[in-house]
Number of protein chains: 2
Amino acid sequence: MTENKDNLEKLIGLSKEKGLKLTPQRMVIFRILSESKQHVTVDQVYKRARVEYPMLSPATVYRNMEQMVETGLLTHLELSGASMRYDTNLDEHHHFVCSKCRMVTDVYLDNIKYSLDESRSQLGKAQINSLDLHLQGTCGECL
Amino acid sequence: MTENKDNLEKLIGLSKEKGLKLTPQRMVIFRILSESKQHVTVDQVYKRARVEYPMLSPATVYRNMEQMVETGLLTHLELSGASMRYDTNLDEHHHFVCSKCRMVTDVYLDNIKYSLDESRSQLGKAQINSLDLHLQGTCGECL
DNA sequence: TTACAAACGCAAATGATTCTTATTTAGGTT
DNA sequence: AACCTAAATAAGAATCATTTGCGTTTGTAA
Ligand SMILES: [Mn+2]
Ligand SMILES: [Mn+2]
Ligand SMILES: [Zn+2]
Ligand SMILES: [Zn+2]
């Protein structure tokens, strides 16, 4: 997949811009992220990473992924109850979670802007920083 | 407040219907809920309850509140990261959370139905059981 | 090189919630 | 009034994801 390689290049480039050091641990995490499907957990990344880098610490993965969120390389979705998921899809979108298999599906919602308008008018002077629609149910597979 | 008393009566009545035993612990929890503002945490209820019932166990509060959700006396909102909030407002609505003071504000969104339609068409045969809009930002007070 | 902040590994701490187990009790039934 | 049993409880251990403290290592840039 040349696509993955591009992804990896992008991560490396961006992190360089942000002044992050290119440590081997970070490289492994970057590579795994660029090869992974979206919505991975820290634990998933950690388990794959330790195969090629056995002395890697989970804390390092936690620290790095959260840092990537801060620097805008990733998004994190805090799903109710379950562990944090990290999203490489930076486009504005929302999520459906299957309560059986826990699979996360992207949803693109144009009409959500009307709900944002409604919210604004009801919340008065409050400042809205984020808006996330959480859909939950049973996916096609699990039905 | 006769309103609180009505609330309490309602809780007692409903729980009787559902076959829940009227233990003193449950009564204290009911009363506190009927006197509290919306969106309380288990810990808030526990701390207030132990004043009049010092031997109360936190697990009992957890058990009771979650059971009340199951029997439809309460709703719980799983806010990202923070601890679970319990809502006595059973009307369909959504929530704004201030990231400074953690205050939770109700929002009523008519237009959200259009997002539900969009979601349905994108998710195909999946069955959607719940839809929650999480708004986050800074409240008027904190600004 | 030297220097210093950034990054790490490890292990302990945290915090919310759940589970376990022995004991008590509410509320219906003789 | 004594009795029965499923439901409920207290207390504390366990869980699980995540965070933090700290002593050590390592990039990077002068
Ligand atoms: Mn996504
Ligand atoms: Mn509410
Ligand atoms: Zn599923
Ligand atoms: Zn606030």
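In what follows, every chain begins at residue 1, and chains take the letters A, B, ... in the order their sequences are listed.
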Test question: given the 4.5 Å side-chain rule for I, L, V, M, F, W and Y, name all other residues clustered with [X], or answer none.
X        : value
B/Leu143 : none
A/Leu133 : A/Phe96, A/Val107, A/Leu109, A/Ile112, A/Leu116, A/Leu123, A/Ile128, A/Leu131, A/Leu135, B/Phe96, B/Val107, B/Leu109, B/Ile112, B/Leu116, B/Leu123, B/Ile128, B/Leu131, B/Leu133, B/Leu135
B/Val97  : B/Leu77, B/Leu79, B/Val104

How is A/Tyr46 classified with respect to the nucleic acid when contacts are heavy atoms under 4.0 Å: base, sugar-phosphate, or nothing?
->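 Answer is nothing: A/Tyr46 stays at 4.0 Å or more from every strand.
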Does [X] put a side-chain nitrogen or oxygen below 4.0 Å from OP1 or OP2 of [N]?
X       : N      : value
A/Gln67 : C/dA7  : yes
B/Gln25 : D/dA10 : yes
B/Thr60 : D/dT9  : no

Same apolar cluster (I L V M F W Y, side chains within < 4.5 Å links), B/Tyr86/B/Val28 |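 Yes; tracing contacts between hydrophobic side chains, which count when under 4.5 Å, links both residues.
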Could you give all pairs that pass the ring pair (Phe, Tyr, Trp, His ring centres under 6.0 Å) test and reach residues 114-138 of chain A, with sequence neighbours left out?
->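 For residues 114-138 of chain A, and leaving out neighbouring residues, the ring pair (Phe, Tyr, Trp, His ring centres under 6.0 Å) pairs sorted by first residue read A/His134-B/His134.
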Gap between atoms [atom1] and [atom2], on [X] and [N] respectively (whole Å):
X        : N      : atom1 : atom2 : value
A/Arg102 : D/dC16 : CZ    : P     : 15 Å
B/Met55  : D/dG12 : CE    : P     : 14 Å
B/His76  : C/dT18 : NE2   : C1'   : 15 Å
B/Asn64  : C/dT25 : CG    : P     : 16 Å
B/Glu66  : D/dT9  : CD    : C1'   : 18 Å
A/Tyr53  : C/dC10 : OH    : C1'   : 14 Å
A/Leu79  : D/dT18 : CG    : P     : 10 Å
B/Arg50  : D/dA10 : CZ    : P     : 12 Å

Option among A/Asp87, A/Leu74, A/Thr75 that satisfies the side chain to side chain contact (heavy atoms under 4.5 Å, CB included) test with A/Val69 =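 Only match with A/Val69 under side chain to side chain contact (heavy atoms under 4.5 Å, CB included): A/Leu74.
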Report, as a single string ordered 5' to 3', how protein heavy atoms within less than 4.0 Å touch nucleotides 22-30 of chain D: B base, S sugar-phosphate only, - not at all.
-> -----BS--
Considering only nitrogen or oxygen atoms on both sides, find all protein atoms under 3.5 Å from nucleotides 15-17 of chain C and state each distance.
from, atom 1, to, atom 2, distance (Å)
C/dT17, OP1, B/Met84, N, 2.9
C/dT17, OP2, B/Tyr62, OH, 3.0

Do A/Gln122 side-chain atoms and A/Ser119 backbone N/O form a donor-acceptor pair below 3.5 Å?
->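 Not confirmed, A/Gln122 side chain does not pair with A/Ser119 backbone.
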Determine yes or no for a side-chain-to-main-chain donor-acceptor pair under 3.5 angstrom, with B/Arg31 supplying the side chain and B/Leu8 the backbone.
->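 Checked: no pair found.
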Is the A/His95 ring parallel, tilted or perpendicular to the A/His39 ring (thresholds 30°, 60°)?
->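 Answer is perpendicular, since the angle exceeds 60°.
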